Amino acid sequence: MLTEKRQEEREFDFTPNDFSRVRKLIYQHAGISLSEAKSDMVYSRIGRRLRTVGFDSFKTYLDNLESENSPVEWEAFTNALTTNLTSFFREEHHFPILAEHLVNLKKPIRIWCSAASTGEEPYTIAMTACEAFGTMKPPVEIIATDIDTNVLATAARGVYPYERVSKLSDERRRRFFQKGTGAHEGSVRVRNELCSLITFDQLNLLDEQWSLNDQFDVIFCRNVMIYFDKPTQSKILSHFVPLMKAHALLFAGHSENFLYVSNDFHLRGKTVYELSDGKNTKRTSNQAKERIV
């Protein structure tokens, strides 16, 4: 609860009811479940938006958001509340598993990175594919999506402060990045060959229909389910099933456990999932029928 003193110190009027409205709206729009402990975070992030668009209270801003129903403002609202913590080769144990899986697949290979953030994860997937096949032109297509259009713009640019790649080996930095010079000193840029493997696009996992075609050999959905409640997690996982080939792998984040949410998957390794036997059998049978037809 906000104390009177705390409220006086703040630039904008922000009541417990305002906080409840923000929680409700972001849940309805993006499936994100904000805990009651996120009040300060909401004030800070949405407060920046109030300054930008010229509102003096959360109530008037939220009233306008709902009444005007502007896609642009809904996008800005969602972007403000989206957490985008990522790094190259984050949860590194996944990538040897990915590499082994890729070389055993029929080509071409389709991969979906469903929470691309600022791009480090899909570029890491691309680097892993290059290393697995020993070429900068591996037989893979990577679709990288995110709900946040701001981070997708950063990802598509492929330019990062040098510190973001400082923990990579010298060999990886030389092979996959160009070092900035002059006005760009202190930055690196992802090489064009790597960029050409990835298509970036906006996608809300809460949407009833996803703009995706065909099935995938690999899906990455790491460290995003933790922001959803169990019914929302279950709904998203059920949407993954028809998009996965019988042999496909689903990679999750280190603190996520899908077994408590869905019967469609079983654990193959540490936070790596496959379709359950029933789903695999049904999928293989259907694919065989399609080939016969």
Side-chain angles (χ1 to χ4, degrees), residues 30-31 79 82-102 105 108-133 138-158 160 164-165 168 172 176 190-191 193-207 210-228 233 236-237 239-245 247-256 258 265 271-274:
N79 288 352
T82 305
T83 301
N84 296 288
L85 178 65
T86 186
S87 61
F88 291 103
F89 287 92
R90 184 182 185 190
E91 300 185 44
E92 194 167 5
H93 65 278
H94 279 158
F95 297 101
I97 299 171
L98 174 64
E100 181 181 0
H101 183 59
L102 294 180
L105 293 175
I109 299 164
R110 299 188 78 238
I111 303 171
W112 178 25
C113 175
S114 65
S117 187
T118 47
E120 286 88 339
E121 181 167 285
Y123 287 126
T124 299
I125 294 169
M127 285 187 268
T128 301
C130 290
E131 292 174 345
F133 289 102
V140 303
E141 174 192 6
I142 302 167
I143 308 299
T145 65
D146 202 282
I147 190 173
D148 188 333
T149 53
N150 289 335
V151 297
L152 282 174
T154 298
R157 284 194 298 271
Y160 300 93
R164 302 295 289 171
V165 301
L168 299 182
R172 278 177 173 161
F176 299 117
V190 177
R191 290 191 179 274
E193 297 95 325
L194 215 59
C195 294
S196 68
L197 301 175
I198 306 171
T199 300
F200 291 99
D201 199 7
Q202 196 271 347
L203 185 144
N204 184 347
L205 291 173
L206 206 64
D207 287 345
W210 294 343
S211 56
L212 298 169
N213 299 314
D214 299 325
Q215 294 176 318
F216 293 94
D217 300 279
V218 177
I219 295 178
F220 272 71
C221 185
R222 304 195 307 170
N223 305 301
V224 62
M225 289 291 202
I226 54 176
Y227 299 107
F228 303 136
Q233 291 176 12
I236 293 170
L237 288 171
H239 284 182
F240 283 158
V241 173
L243 291 173
M244 296 175 66
K245 296 180 182 178
H247 56 256
L249 297 184
L250 173 62
F251 291 84
H254 69 279
S255 61
E256 297 167 324
F258 297 163
F265 302 91
T271 57
V272 181
Y273 295 84
E274 295 175 315

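No experiment lies behind these values; they were computed from the predicted model shown. Because only heavy atoms are used, hydrogens play no part in the values below, and waters and symmetry mates are left out as well, while side chains stay in.
Separation of atoms CD (Glu274) and CG (Leu250) is listed at 10.5 Å; rounding is to 0.5 Å. Here the straight-line distance linking atom CD of Glu141 with atom OG of Ser196 works out to 11.5 Å at 0.5 Å rounding. Asp146 CG to Asp201 CG: the interatomic distance, rounded to the nearest 0.5 Å, is 11.0 Å. Atoms CG and NE2, on Leu205 and His239 in that order, are 10.5 Å from each other to the nearest 0.5 Å. Ile147 CD1 to Ser117 OG: the interatomic distance, rounded to the nearest 0.5 Å, is 12.5 Å. In this structure, Ile219 CD1 and Leu237 CG are separated by 9.5 Å, a value rounded to the nearest 0.5 Å.
A donor-acceptor distance shorter than 3.5 angstrom exists from the side chain of Glu256 to the backbone of Met225, with no hydrogens or angles considered. The main-chain N or O of Leu152 is never found under 3.5 Å from a side-chain atom of Gln202 such that the two would form a donor-acceptor pair.
Contact between Ile198 and Ala126 at its shortest, heavy atoms only, is CD1-CB, 4.2 Å. In terms of heavy-atom proximity, Cys113 sits nearest to Pro122 at SG-CD, 3.7 Å. Across every non-hydrogen atom of Thr271 and Gly253, the tightest pair is CG2-O, 3.3 Å.
For the side-chain hydrogen bond (donor to acceptor under 3.5 Å, both in side chains) test, no residue two or more places apart in sequence or in another chain qualifies with Arg191. Residues satisfying the side-chain hydrogen bond (donor to acceptor under 3.5 Å, both in side chains) criterion with Thr154, sequence neighbours excluded, are Arg157.
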Practice task
Assess whether side chain to side chain contact (heavy atoms under 4.5 Å, CB included) is satisfied between Phe220 and Ile125, documenting all intermediate values.
Solution key: CA-CA 9 Å; Phe220 272 71; Ile125 294 169; 3.6 Å; yes
Practice task
Check the pair Ile143, Ile111 against side chain to side chain contact (heavy atoms under 4.5 Å, CB included), reporting the backbone distance first and the verdict last.
Solution key: CA-CA 6 Å; Ile143 308 299; Ile111 303 171; over 6 Å; no
Practice task
Given salt bridge (Lys or Arg N to Asp or Glu O under 4.0 Å), test Arg110 with Asp217 step by step and report yes or no.
Solution key: CA-CA 5 Å; Arg110 299 188 78 238; Asp217 300 279; over 6 Å; no
Practice task
Tell me, with the steps shown, if Thr145 and Phe200 meet side chain to side chain contact (heavy atoms under 4.5 Å, CB included).
Solution key: CA-CA 6 Å; Thr145 65; Phe200 291 99; over 6 Å; no
Practice task
Kindly determine whether Asn204 and Trp210 satisfy side chain to side chain contact (heavy atoms under 4.5 Å, CB included), including the steps that lead there.
Solution key: CA-CA 8 Å; Asn204 184 347; Trp210 294 343; over 6 Å; no
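A ring-centre distance under 6.0 Å is found for Phe95 and Phe89. Ring to ring, Tyr123 and Phe176 are not that close: their centroids are 6.0 angstrom or more apart. No close placement of the Trp112 and Phe251 rings is indicated, their centers lying 6.0 Å or farther apart.
Side-chain contact check for Asn223 and Glu91: at least one donor-acceptor pair (N or O, by modelled atom type) lies under 3.5 Å. No hydrogens or angles considered: nothing links the side chains of Arg222 and His254 as a donor-acceptor pair under 3.5 Å.
With contacts defined as side-chain heavy-atom distances shorter than 4.5 Å, the pair Phe216/Ile142 does not qualify. Side-chain contact check for Cys130 versus Met127: every heavy-atom pair is 4.5 Å or farther apart. Pro96 has its side chain out of reach of Thr128: every pair of non-hydrogen atoms, C-beta onward, lies at least 4.5 Å apart.
We find that Arg164 and Glu120 are joined by a salt bridge, their nearest charged nitrogen and carboxylate oxygen being less than 4.0 Å apart. Salt-bridge formation is detected for the pair Glu131/Arg172: a Lys NZ or Arg NE/NH1/NH2 atom is positioned less than 4.0 Å from an Asp or Glu carboxylate oxygen.
The one candidate from Tyr273, Phe228, Phe240 that meets the ring-ring contact (aromatic ring centres under 6.0 Å, His included) condition with Phe258 is Tyr273. With Leu98 as the partner, the side-chain contact (heavy atoms from CB on, under 4.5 Å) test is satisfied by one option alone out of Val218, Leu249, Val272: Val218.
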